[in-house]
Amino acid sequence: MLIAHLSDPHVRPEGVLYQGVVDSNAQFATAIAQVNALNPRPDLVLLTGDLVDHGQADEYAALSRMLADLNVPLLAIPGNHDERHAFRHAFAGQPWLPAKGPIDYVVGDRGAVRVVALDVTLPGLHHGVMSEAAAVWLDGVLAAEPERPTIVMMHQPPFATGIPYMDPYDCREGHRLAAVIARHPQVERVLCGHVHRVMQMRFGGTVLCTAPSTTTAIALQLRADAKPASHIEPPAMLLHHWQEGRGLVSHLVPIGTFPGPYPFA
Ligand SMILES: [Fe+2]
């Protein structure tokens with residue numbers, strides 16, 4: 001099973017640049033085209049939040065037009081830049097969309113790997129929270145299929161990145177999530193967006209990994225007094241490859257065309 005993981009496209013209304021400098025829509029369209037061209041084609045695309053930048057209807061309209069070109073089934077969760085009502089409207093008709101409340105759901109019929117979507121966002125706020133109710137829900141969902149390899153996806157990471165201007169906007173009460181994950185060793189990955197960078201760490205006994213943005217990268221600065229910044233680094237996605245009996249391998253895939261192929265031996 002092959003799973004493409006895109007994050008934080010921050011789509012803007014048609015013709016508007018992200019932060020006035022980056023054509024986030026064009027970059028997301030390029031990412032979609034690259035997913036469609038992958039061979040073998042992925043079984044699933046995961047989109048871990050911040051689908052649009054300001055939660056606006058005209059942004060979701062642009063997003064929907066772009067996603068119409070995606071030839072792979074999509075699972076999405078909102079981020080802090082999304083707006084839940086508009087998000088629901090954009091994905092109305094998707095079988096995974098819950099009727100009300102947080103966008104929490106499970107999809108297990110797209111291949112060997114089961115995906116649990118966990119909405120830790122708090123409408124109107126930039127940080128998230130792992131609530132006690134979400135922990136109880138997740139524990140029950142994971143207990144239902146203990147033998148299935150499982151991915152848990154969420155927007156804000158439940159750990160301190162060490163980047164001082166990101167950490168106030170983490171997913172709080174991450175210890176609740178870690179305790180649940182630790183009880184369910186079939187969880188192969190916890191996947192996050194939000195930080196616009198690739199990071200990995202051990203979490204609840206499994207591997208947690210964050211996705212790059214298709215638009216910009218949050219500046220990697222680890223000094224306590226560092227000022228918030230981002231850069232136009234090469235956009236990228238992750239590709240998670242499940243091989244029976246071998247496990248889940250996660251690849252970083254830059255988006256774009258690059259010189260080559262050349263012989264390497
Ligand atoms: Fe973002």
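All ligand and atom numbering here is 1-based and tracks the order in the structure. Owing to the predicted nature of the structure, the values given are computational and were not obtained by experimental measurement.
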Do L220 and V195 belong together in a cluster built from hydrophobic side chains that touch within less than 4.5 Å? yes
For atom OH of Y105, is the number of surrounding heavy atoms from other residues, nucleotides or ligands below 6.0 Å larger than 12? yes
Holding to salt bridge (charged side-chain N to carboxylate O under 4.0 Å, His left out), I want the full list of residues that pass it with [X], two or more places apart in sequence or in another chain.
X: D170; value: R172
X: R88; value: none
X: D225; value: R223

Starting from the C-alpha separation in whole Å, work towards a yes-or-no answer on side-chain contact (heavy atoms from CB on, under 4.5 Å) for M153 and L75. CA-CA 10 Å; M153 67 166 173; L75 307 181; 3.8 Å; yes
Count, waters excluded, of protein N, O or S atoms under 2.8 Å from the Fe ion (ligand 1): 4
